[in-house]
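The sequence lines fix the lettering, A, B, ..., with proteins before strands; numbering per chain opens at 1.
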Amino acid sequence: MAVVSRAALPVAGLGCHLAQLNVGRLQAPIDSPLIADFVAWLQPINALADASPGFVWRLQTEAGDATAVRAFNDERVIINLSVWESLEALWDFVYVSRHLDALRRRREWFDRMAGAYAALWWLPAGTVPTVEEAVRRLSLLQREGPGPEAFTFKAPFPPASRPRQATSYPS
Amino acid sequence: MAFDLADQVAGVATLAGPLRRQLYVYVVEQGRPVSRAAAAAAVGVPRTVAAFHLDRLVGAGLLEVAYGRTGVRRGPGAGRPAKLYRRAAREHRLSLPPRAYELAARLLAQAVDRAGADRVLYEVAEQDGALAGRRLKPSLDAADPLERAAAVLARCGYEPAEQEGRLRLCNCPFHEVSQSPERPLVCGMNLAWLTGVLRALGATDLEVRLDPQPGSCCVAISKSKIH
């Protein structure tokens with residue numbers, strides 16, 4: 001079995017963009033000194049994402065990030081939800097930019113998650129996912145493992161031959 | 001895991017002759033595509049001899065051909081792009097008896113990831129790096145901390161290149177495992193290991209940090225800014 005690597009990622013189909021959701025449970029309230037370095041990095045890392053090749057959209061409130069969004073009953077669980085032009089574009093931001101350093105330090109700020117905490121899926125270009133849709137995709141991944149409707153970098157899937165009907169539109 | 005002795009030997013066997021090795025090392029050390037003329041001059045053989053050996057290395061999958069310009073002139077009248085040589089991306093490994101360390105590394109990385117034991121890994125790596133640095137320290141001649149670091153890193157396979165007081169590491173010794181989603185762990189481990197090595201060398205005025213660029217190791221080493 002081939003090792004999954006950036007070089008082997010499926011190509012985005014015409015008219016398809018890639019959505020991603022990742023969730024994490026903070027080890028302390030977001031205003032705790034323990035989480036200070038993470039909070040300090042929010043703005044520069046989000047700005048880095050915005051400027052990255054292939055970046056399309058990310059969920060944010062007026063504060064400029066998504067940390068105020070509560071998608072789950074747990075006050076400490078925060079999410080990132082974004083859209084990219086391709087798997088490679090997302091990979092390059094996540095793993096080949098200063099974002100890598102934040103990932104390196106994740107255990108300082110986030111609990112270990114049992115089960116999948118990041119889901120990827122294809123959607124029609126020009127649309128953005130709702131938080132509800134994103135949570136549904138992650139649940140699907142957690143229940144059934146990677147498939148065409150929700151997958152991971154480790155087990156990616158190409159887009160279906162026809163883009164699915166959009167479930168939401170940009171405001 | 002696929003062990004094919006003939007295939008593994010074929011690539012490596014091409015390096016059997018000293019001249020071929022010199023040419024291969026020259027191309028690799030430049031860190032950018034080079035012309036046969038430059039390689040011939042560096043090694044001290046006629047261009048045709050260099051071309052013959054370089055093409056053999058390409059045939060064995062150790063080098064790749066790239067076309068580009070070596071001169072300043074561009075546009076019409078600048079001439080045909082030159083045939084240049086660079087190291088092939090493909091990895092060649094020969095281990096007798098067969099070994100599969102990268103499978104072990106991938107499994108261990110996934111286990112550490114699942115267990116959330118990132119910081120244990122970094123601690124282990126830094127301690128091991130310090131041990132390695134202590135062992136290598138006596139063999140170093142240079143006085144300059146950056147040169148000493150470069151000497152050690154070269155020995156460990158990182159292919160350091162100095163650029164304006166910084167060391168870029170042109171090779172990732174953990175490449176295959178670092179191309180997986182466990183990359184943060186692997187790069188964090190690498191950073192910790194190198195931090196340990198440099199600490200053992202007494203290089204207190206060198207800064208080691210994560211600065212990933214495509215095609216090279218994620219770590220950059222520079223002299224600390226004077227406060």
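- For the pair A:Y95 (side chain) and B:S178 (backbone), a donor-acceptor distance under 3.5 Å is absent.
- For B:Y101, the OH atom sits in a loose shell: 12 or fewer heavy atoms of surrounding residues, nucleotides or ligands are nearer than 6.0 Å.
- Of all heavy-atom pairs between A:S97 and B:P212, the closest is O-CG, 3.3 Å.
- Heavy-atom distances place the backbone of B:Q213, and not its side chain, under 4.5 Å from chain A.
- A donor-acceptor pair under 3.5 Å links the side-chain atoms of B:R119 to the main chain of A:R107, judged by distance alone.
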*Between A:K154 and B:D113, does a salt bridge (Lys or Arg N to Asp or Glu O under 4.0 Å) hold up when you go through it step by step?*
CA-CA 13 Å; A:K154 206 187 292 283; B:D113 190 34; 5.8 Å; no
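- Taking SG from B:C187 and CG from A:L100, the interatomic distance works out to 5.0 Å, rounded to the nearest 0.5 Å.
- In this structure, A:F153 CZ and B:R183 CZ are separated by 11.5 Å, a value rounded to the nearest 0.5 Å.
- Other residues, nucleotides and ligands place no more than 12 heavy atoms under 6.0 Å from the CZ atom of B:R56.
- With a 4.5 angstrom heavy-atom cutoff, B:R114 touches chain A only via backbone atoms.
- Contact tally against chain B (heavy-atom pairs below 4.5 Å) for A:R112, A:E108, A:H99: the top residue is A:R112.
- When A:L103, A:V96, A:D101 are compared by the number of non-hydrogen pairs under 4.5 Å with chain B, A:V96 comes out ahead.
- When all heavy atoms of B:P184 and A:R104 are compared, the pair lying nearest together is CB-N, 4.1 Å.
- Ranking A:R106, A:R105, A:R98 against chain B, the residue ahead of the rest is A:R106, based on heavy-atom pairs under 4.5 Å.
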